[in-house]
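Please read the structure below before turning to the comments.
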Amino acid sequence: MIDFPAAHFALFGLPRRYRIDAAALDRAYRTLQAEIHPDRHTSADDAGRRLALQASARVNEAYAALQDPAARGEYLLGLQGVASLSETDTSMPMDFLTGQMERREEIEDATARGDHAALEAALAAIGGDARDLEAELAAALDDRHALDEAKTMVRKLRFLDRVRHEITEALIEAEA
Amino acid sequence: MALLQITEPDAAPEPHRRRVAIGIDLGTTNSLVAVVRDGRVNVLPDAAGRPLLPSVVRYAANGEVTVGAEAMKHLAHDPRNTIASVKRFMGRGIRDVPYIENAPYDFVDAPGMLQLRTVAGPKSPVEVSAEILKALRLRAEAALGTEVEMVGAVVTVPAYFDEAQRQATKDAAKLAGLNVLRLLNEPTAAAVAYGLDNASEGIYAVYDLGGGTFDISILRLSRGVFEVLSTGGDSALGGDDFDHRLHCWALDESRMTQLTPEDSRLLLMKSREAKESLSTHALARINAELSGGRRMNVSASQAKFFEITQHLVQKTIGPVKKALRDAGLTAADVQGVVMVGGATRMPHVQRAVAELFGKPPLNNLDPDQVVALGAALQADQLAGNRGKESDDDWLLLDVIPLSLGIETMGGLVEKIVPRNSTIPIAKSQEFTTFKDGQTAMSIHVLQGEREKVADCRSLAQFELRGIPPMVAGAARIRVTFQVDADGLLSVSAREQATGAEAAITVKPSYGLSDAQIARMLQESFANASTDKETRALTEIRVESEQLIDATNAALAQDADLLDHEERETIDRAVALLAGRLDSGDRKLIKEAFDALGAATAGFAARRMDRGVQAALTGHHIRELV
């Protein structure tokens, strides 16, 4: 069926690096699911159906991890023995933290005012920052093999994701 | 029947029984069953040609259960025992159902799921739904005949149904004697029917406003893959609420209060008729004679109706925007909006959707039937009737609608599987102990988006024991959530150091226990054998009547082939069978049926000979006459 312990990249026949061919990933994902999805194994015995369930879940997990820029970076670091999100080591550059604190305050104010435009603008700005960070992370991981730097970038990305998530939830709440 | 029947030579049954699976749309207001036959998908109508089965079940004092249009006749005069819109109660406790005080039922607050007290005893919504599903199963079996093997069913559920509601639906299907091949989300089913019909590619939204539930799904259609990107909705919002709003308005208008359950039901039915009429007419009248000689007679304009229900339409917009955000898209990215569910016929719903997406919605498939058609298509595929490599093959990738998590310190929920994760999925997270020497850990599984345990739905609670005593924070407990392709969850937990394991399949506290299901199944088997006996009796009666008719016709034509004694034997056998037809005793009827068959065997052979001779010498006879 599939090679369960294989790395996420290998499952989809992709090279193990940060820069990813999103279209190739999508194609490989669909081709794989078309074979292994439980819907394709409804007439199998219990064991066969369970295997299809597990294989399909494994492929979904790998796909989600590779699609997400922070998760992909974290996964690549993990493959090289670097845990980027260990709870005992949460150091983050001071200037980044200060910048994000200010941003957070703005967001809280905008939420309180019900200022959707400001929230949308903040969302767009964070999106831009995230894209810049992804480009840096790609260079750090694929070109320079600078794992320590990459670790900090992944953390920053995670941080931005959280803020993005909070703004989105605030907007959803406001639109409900 | 030995006597006269002639078989069409080209109607020989296939040596192998075909495997057929059906698609069922178990709706709040109406339910349908559809099937793919000879490559074509169709809704199966009842004997009177009606495709929709009203989702109404009536329990009579003598234990008789009626379903559909027949049951509907009793809505107004026997409201407590005539259950409509039972889907609203699936997997729900009394406190979960909005406006429950308006429902004319006698509720029992059973642990987990509420029950309804009827003359036939307390009934769980699962049992009531099972009656509807059983009626559809019988309809399908009658239509498909004995040449096919019915391997199972795809049963649809609102995409926004949570774990408890899904589990309740699956339980109901089991209870109805159905092998559930898959629980399929209603908007996804509609997308299959629509997408295959129109060979669509790109981003589509399915806006599904049914009788009691609202769903929105955003899908990417690409070369036979239907990929749900996000879903949202409100599992307690639908056409029923528009009826109810109109009903309340009419009461206000006519300054009426204190209705009996019968009056309340009657007015709700009249309100629904008025609502339906207002989709195409400027004015509708609600005119009803109530108990105590009172009469309600008010007319509602379309404009008024829109005004008093606009907030309900508006309630659907939030979930649409949320689904778009979750998919990382805007309304402009959506190529087409497929409208599903009878309630989307209302013009102000159409207008609101058109405004939001900036394009007219797609209404080219019957909004009442499209879900059942999609379910049947998927059922056909799951039954293995389409080659895996064939071009007309497709794949559905669906998501879970609500996040799943567990309770952590301080009554907060830690999300483990976020909403809109593609299923099937397995996700693990590690937790630790918070007290020195802690040897057990309680795991509380929750579903919902809120941060506090109290604001989420509790699904299950179980305990992991045998954790070796360690200092606080040293144990590593790995909790794994697995969601299958039906969207149903199982949870297991394991202490990493020692392998102490506790695993459960979540049977939510809002569902039924296995023991309850087993009891209900036993009861339904008992009923099933009665059903079978009734059917066998009907069959033998019909066959007997046909045999008597055929014998009489043969006698009229060829009586000269019989001598006096033979004729008397046949006449006696006919009289005996005719006399026993209404006896209600299948064995007695069968005896007489066999006796008449034996008495006419020789006669039939002689008629056959004459028939052959007539055919051979036909010319002569005709020429002679």
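Below, all heavy atoms of this structure are taken into account, side chains as well, without hydrogens, waters or symmetry copies. So that the names make sense, note that chain A is the first sequence line, chain B the second, and so on, each numbered from 1.
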Compare all side-chain heavy atoms of [X] with those of [Y] and state whether any distance is below 4.5 angstrom.
{"X": "B/Leu395", "Y": "A/Gln33", "answer": "yes"}
{"X": "A/Glu175", "Y": "B/Ile317", "answer": "no"}
{"X": "A/Asp39", "Y": "B/Leu181", "answer": "no"}
{"X": "A/His37", "Y": "B/Leu396", "answer": "no"}
{"X": "B/Arg325", "Y": "A/Leu171", "answer": "yes"}
{"X": "A/Asp26", "Y": "B/Arg220", "answer": "yes"}

A/Glu173/B/Arg450 salt bridge by N-O under 4.0 Å criterion = no
Answer yes or no: is there an ion pair linking B/Asp484 with A/Arg50, defined by an N-O contact shorter than 4.0 Å?
-> no
Residues of residues 418-426 of chain B within contact distance of chain A, non-hydrogen under 4.5 Å | B/Arg419, B/Thr422, B/Ile423, B/Pro424, B/Ile425, B/Ala426
With sequence neighbours excluded, residues passing salt bridge (charged side-chain N to carboxylate O under 4.0 Å, His left out) with A/Asp129 | A/Arg103
So which residues of residues 10-17 of chain A are in contact with chain B at a heavy-atom cut-off of under 4.5 Å?
-> none
Among residues 56-71 of chain A, which residues come closer than 4.5 Å to chain B, judged by heavy atom distances?
-> A/Ser56, A/Ala57, A/Asn60, A/Tyr63
Check whether [X] gets within reach of chain A through its side chain, its backbone, both or neither, counting any heavy atom under 4.5 Å.
{"X": "B/Gln314", "answer": "neither"}
{"X": "B/Gln378", "answer": "side chain"}
{"X": "B/Val483", "answer": "backbone"}

Other residues, nucleotides, ligands: >12 heavy atoms within 6.0 Å of [X] [atom1]:
{"X": "B/Glu451", "atom1": "CD", "value": "no"}
{"X": "B/Arg223", "atom1": "CZ", "value": "no"}
{"X": "A/His165", "atom1": "NE2", "value": "no"}

Go through the steps for B/Gln381 and A/Thr42 under the test side chain to side chain contact (heavy atoms under 4.5 Å, CB included), then give the verdict.
-> CA-CA 10 Å; B/Gln381 191 189 53; A/Thr42 42; over 6 Å; no
So what's closer than 4.5 Å to chain B heavy atoms on A/Gln54: side chain, backbone, both or neither?
-> side chain
Part of A/Leu123 lying under 4.5 Å from any heavy atom of chain B | side chain
When every non-hydrogen atom of A/Tyr29 is compared with those of B/Glu227, the smallest separation belongs to CE2-OE2, 4.2 Å
Given B/Glu449 and A/Ile172, is the side chain to side chain contact (heavy atoms under 4.5 Å, CB included) satisfied, shown in steps?
-> CA-CA 12 Å; B/Glu449 305 312 314; A/Ile172 285 172; over 6 Å; no
